[in-house]
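To keep things clear, I will list the structure first and then write my remarks on it.
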Amino acid sequence: MAISFANTKGKAQSNKVDTYAYKDGDNVVRLVGGVLPRYVYWVKGTNNKDIPIECLAFNRENEKFDNKEVDHVQKYFPSIKCSWSYVVNCIDPTDGKVKALNLKKKMFEQILTAASDLGDPTDVVTGWPIAFKRVKTGPLAYNVEYQLQVLRCKPKALTPEELAAVAEAKTIDEKYPRQTSEEVKALLEKITSSDTPEGSAEDTEAINELNQ
């Protein structure tokens, strides 16, 4: 389909998702919308970057491995295991933008525990910012610890500007659509052939850190 001259960008548009970059020390984000449950395989591309491939054996709706869809990855890479890769939208207070937050499992467990007392952190009126520290515990990239600072997690309604930003942003489901079995198989065939994809447009910061 042809588009008007005024509307063309003249080049391919990036589909890279804007993600929150964790930094050492204090971090603060405000979670918005729903949490997207998923498990992902990470497969190396030609540029040695990781390509995310969704584990279709895991059901996003009931958070169970029900194996209702064919998991092609195990046929091509039987030694690779899928990783916990839950993700949620958040507001980054440093610039007011809505970004995807690749959750860390142990920190998410701390948030769930705090929510039993503080309520839903994603509520636009009674929700609360997620204040936490990222602390290095060793020399390797995944030697880190996340410490939720509960006393700083006080209820705060979203501002009109924040509500507008959330309304304009894509939902987390739109940012990370579930790959179909056919799409996964086609991608795996490319990876194992000379026509290998170059790598991921998705944030893969410290893959080994995902379960921390």
Side-chain angles (χ1 to χ4, degrees), residues 14-40 42 50 52 54 58 60-61 63 83-136 141-142 144-179 200-212:
S14 173
N15 63 351
K16 182 175 181 179
V17 175
D18 189 12
T19 58
Y20 178 79
Y22 287 86
K23 61 181 184 291
D24 291 341
D26 291 331
N27 291 258
V28 178
V29 294
R30 178 64 180 268
L31 306 186
V32 291
V35 176
L36 180 61
R38 60 178 192 156
Y39 277 73
V40 169
W42 299 95
D50 295 281
E54 183 143 0
F58 180 74
R60 290 181 173 185
E61 298 298 323
E63 297 183 88
S83 300
W84 187 94
S85 302
Y86 282 37
V87 61
V88 64
N89 271 334
C90 74
I91 298 174
D92 183 349
T94 62
D95 57 17
K97 293 182 179 180
V98 177
K99 304 175 182 179
L101 177 69
N102 291 301
L103 290 161
K104 310 303 179 183
K105 190 173 185 180
K106 291 181 180 178
M107 185 181 77
F108 186 52
E109 291 170 351
Q110 294 177 61
I111 294 171
L112 290 176
T113 299
S116 63
D117 293 322
L118 303 177
D120 184 354
T122 67
D123 189 282
V124 298
V125 177
T126 62
W128 37 279
I130 308 299
F132 63 94
K133 281 184 178 291
R134 183 179 190 269
V135 181
K136 288 289 291 178
Y142 56 85
V144 293
E145 181 178 281
Y146 295 89
Q147 304 167 350
L148 185 67
Q149 298 175 290
V150 180
L151 294 180
R152 294 180 57 196
C153 300
K154 299 183 182 299
K156 181 182 178 184
L158 295 185
T159 66
E161 293 76 17
E162 290 171 331
L163 289 170
V166 172
E168 293 175 5
K170 289 183 177 180
T171 66
I172 201 65
D173 297 276
E174 292 173 320
K175 290 180 178 180
Y176 297 100
R178 183 175 171 86
Q179 294 165 302
S200 169
E202 182 176 341
D203 175 34
T204 59
E205 176 209 30
I207 298 306
N208 290 327
E209 185 194 329
L210 285 171
N211 290 326
Q212 298 299 310

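Between Phe58 and Tyr86, the two ring planes are tilted [angle within 30° to 60°].
Residues Trp42 and Pro52 come closest through the heavy atom pair CZ3-CB, 3.5 Å. Between Val88 and Gly34, the shortest heavy-atom distance links the atoms CG2-O, 3.4 Å. Shortest non-hydrogen contact noted between Leu148 and Phe132 is CA-CB, 4.0 Å. Closest approach of Arg30 to Asp123, counting heavy atoms only: NH2-O, 2.7 Å. Scanning all heavy atoms of the two residues, the minimum distance from Ala100 to Ile172 falls at CB-CD1, 4.1 Å. Listed here is the closest heavy atom pair of Cys153 and Ala131: SG-N, 3.7 Å.
Within the 3.5 Å criterion, the main-chain N or O of Ala115 finds no donor-acceptor partner in the side chain of Trp128. Judged purely by atom type and a 3.5 angstrom limit, Tyr22 has no side-chain atom pairing as donor or acceptor with the backbone of Asn27.
For the atom pair CD1 of Ile130 and CG of Leu31, the computed distance is 4.5 Å after rounding to the nearest 0.5 Å. Distance check, rounded to the nearest 0.5 Å: NZ of Lys154 to CG of Leu118 gives 9.5 Å. To the nearest 0.5 Å, atoms NZ (Lys105) and OG (Ser85) are separated by 10.5 Å. The distance from the OG1 atom of Thr126 to the NZ atom of Lys156 is 14.5 Å, given to the nearest 0.5 Å. Here the straight-line distance linking atom NZ of Lys106 with atom CH2 of Trp84 works out to 12.0 Å at 0.5 Å rounding. A distance of 6.0 Å separates OH in Tyr176 from CZ in Arg38, rounded to the nearest 0.5 Å.
Within the 4.5 Å cutoff, side-chain heavy atoms of Glu54 are placed close to those of Arg60. In this structure, the side chains of Lys170 and Val17 stay at 4.5 Å or more apart for every pair of heavy atoms. Looking only at side-chain heavy atoms (C-beta outward), Leu103 and Val35 come within less than 4.5 Å of each other. Contact of the Lys136 side chain with the Val144 side chain is registered, since non-hydrogen atoms from C-beta on lie closer than 4.5 Å. Between Thr113 and Val150 the shortest side-chain heavy-atom distance does not fall below 4.5 Å. Tyr20 places none of its side-chain heavy atoms less than 4.5 Å from the side chain of Asp18. The side-chain heavy atoms of Thr122 and Val32, taken from C-beta on, include no pair separated by under 4.5 Å. By the 4.5 Å heavy-atom criterion applied to side chains, Arg152 and Val28 are counted as neighbours.
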Between Asp26 and Lys133, is a side chain to side chain contact (heavy atoms under 4.5 Å, CB included) present by the stated rule, with each step listed? CA-CA 5 Å; Asp26 291 331; Lys133 281 184 178 291; 2.8 Å; yes
Where do Asn89 and Lys175 land on the side chain to side chain contact (heavy atoms under 4.5 Å, CB included) test, with the steps shown first? CA-CA 9 Å; Asn89 271 334; Lys175 290 180 178 180; 2.8 Å; yes
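Counting non-hydrogen atoms of other residues, nucleotides and ligands closer than 6.0 Å to CD of Glu61 gives a total of 12 or fewer.
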